[in-house]
Amino acid sequence: MANDLASSTALITGATAGLGAAFARQLARDGHPLVLVARDRARLEETAAALHREFGVRIEAIPADLATDAGVEVVVARIHEGLGDDARVVGLLVNNAGFGTKGSLVSGAPAAQDAMVRLHVLAVHRLTQAALAPMARRERGAIITVSSVASYLTSPGAVNYCATKGYQRMAMEALAPEVARRGIYVQALCPGFTRTEFHARSEMPVSQIPAFLWMPADEVVAASLAALRRGAPTTVVPGLRWRAIVLVLRFLPRWLLARATGRYQATRRTAPDA
């Protein structure tokens, strides 16, 4: 693995489902000790126990809500705890925790939108900054932040989702050259439609999405970790189809893109502001 990270401790947020669970499984299989972070204590402890039984690696479970200052502080404290112990220092940070909402800002729940901004932006910023210092001192480390193809879009009904995913991608793209000379690899992982619990939890309809656009979570994570091992460019878009779509999105006139996404959202509405 790049930067001599083969046996380093990996800290994964949102680790009990979807891409986070896939990262946990693949990294445990590769022999990485894990620090798993999620809100649901029972599910988190069950996941940690199952991975330990199967792969025999050391696993720590930290229940924390990263949309709150208290939750972020708990995880930052764990990152700082490992500074004097090479076996526990976090050498790979996977910022994966996230969620989506549907509906307009006019009538949507303010608390959910606030939580999204705090989780996707502030938590990512604080955990990344906390992890960078020990990585810089050791002159090795890696940070993967799970953004989205949505980071290339502006979409009615998903205003803050697209905006916060855009922050994640652009922050990682800017950070990568800043810390590369210190031996730190930074990646923005930008998957398209991925088969996880994400859409169901967000109450987003998926029946109109063509089957060929979906990717399994394991394939997305495998592409991310393969890019990490190669030290590949910062932004990773898994799947040839999605790379082609992103290429089009990057050069499509903004007015045309806005019109297209607006029409797509209109076909998804089943009720006002749904």
Side-chain angles (χ1 to χ4, degrees), residues 1 5-99 115-116 118-120 122-135 138 141-146 168 187 189 194 196-198 200-202 217-218 220-222 224-225 228:
M1 185 167 283
L5 296 176
S7 59
S8 61
T9 295
L11 190 153
I12 306 165
T13 67
T16 57
L19 291 173
F23 269 110
R25 184 172 183 82
Q26 292 188 32
L27 289 168
R29 183 190 62 199
D30 291 342
H32 289 266
L34 301 179
V35 180
L36 306 182
V37 180
R39 290 185 303 167
D40 187 331
R41 178 186 293 270
R43 192 175 186 185
L44 179 63
E45 292 176 349
E46 180 182 344
T47 298
L51 289 170
H52 178 70
R53 283 194 304 269
E54 184 169 1
F55 299 107
V57 296
R58 187 185 76 248
I59 299 182
E60 302 171 54
I62 301 179
D65 182 355
L66 296 179
T68 67
D69 288 335
V72 172
E73 287 295 342
V74 168
V75 182
V76 168
R78 167 57 186 86
I79 292 172
H80 290 163
E81 272 176 25
L83 299 188
D85 182 352
D86 276 353
R88 297 186 72 238
V89 68
V90 174
L92 170 60
L93 170 65
V94 181
N95 289 309
N96 167 74
F99 69 96
M116 180 184 293
R118 292 177 65 87
L119 179 61
H120 292 182
L122 187 58
V124 167
H125 159 69
R126 292 187 63 193
L127 297 188
T128 297
Q129 192 169 46
L132 282 173
M135 290 179 184
R138 301 171 81 221
I143 296 170
I144 298 172
T145 295
V146 179
Q168 291 177 341
Q187 179 189 120
L189 176 60
T194 307
T196 67
E197 299 176 5
F198 174 85
R201 285 185 172 186
S202 304
D218 285 339
V220 171
V221 170
S224 171
L225 295 179
L228 167 60

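Along the sequence shown, residues carry numbers from 1.
- Contact annotation: the side chain of Asp40 never approaches that of Thr16 to less than 4.5 Å [non-hydrogen atoms, C-beta and beyond].
- Formation of a donor-acceptor pair under 3.5 Å by the His32 side chain with backbone atoms of Ser7 is not found in this model.
- Between Ala97 and Gly14, the closest heavy-atom pair is CB-N, 3.7 Å.
- Here the CG-CD distance, from Leu93 to Gln129, works out to 12.5 Å after rounding to the nearest 0.5 Å.
- Evaluation of the side chain to side chain donor-acceptor pair (under 3.5 Å) test over residues 53-72, restricted to residues two or more places apart or in two chains, returns Thr9-Arg58, Arg25-Glu54, Glu60-Arg78, Glu60-Arg88, Asp69-Arg118.
- Listed by chain and residue number, Ile12, Leu36 satisfy the side-chain contact (heavy atoms from CB on, under 4.5 Å) test with Ala15 (two or more places apart in sequence, or in another chain).
- A distance-only check finds a donor-acceptor pair linking the side chain of Gln168 to the backbone of His120 [under 3.5 Å].
- Residues Val72 and Leu127 meet the side-chain proximity criterion, which asks for heavy atoms closer than 4.5 Å.
- Between the side chain of Glu45 and the backbone N or O of Ala61, no donor-acceptor pair lies under 3.5 Å.
- In the displayed structure, Glu73 atom CD is contacted under 6.0 Å by more than 12 heavy atoms of other residues, nucleotides or ligands.
- Under the rule for a side-chain contact (heavy atoms from CB on, under 4.5 Å), the partners of Gln26 that lie at least two apart in sequence or sit in another chain are Arg29, Asp218, Val221, Ala222, Leu225.
- Nearest heavy-atom pair across Ala130 and His80 is CB-NE2, 4.2 Å.
- Residues Leu27 and Ala10 approach most closely at CD1-CB, 3.9 Å, considering heavy atoms.
- The two atoms that bring Ser224 and Phe23 nearest to each other are OG-CZ, 3.6 Å, heavy atoms only.
- Looking at Val35, Leu11, Ile144 one by one, the single match for side chain to side chain contact (heavy atoms under 4.5 Å, CB included) with Leu92 turns out to be Ile144.
- Shown here for Val57 and Ala28, the closest heavy-atom pair between the two residues is CG1-O, 3.7 Å.
- Closest non-hydrogen pair, Ala123 versus Leu66, comes out as CB-O, 3.4 Å.
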### Task
Please lay out, stage by stage, how Ile143 and Leu132 fare under the test side-chain contact (heavy atoms from CB on, under 4.5 Å).
CA-CA 9 Å; Ile143 296 170; Leu132 282 173; 3.6 Å; yes
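- A 4.5 Å side-chain heavy-atom check between Val146 and Val220 finds every atom pair outside the cut-off.
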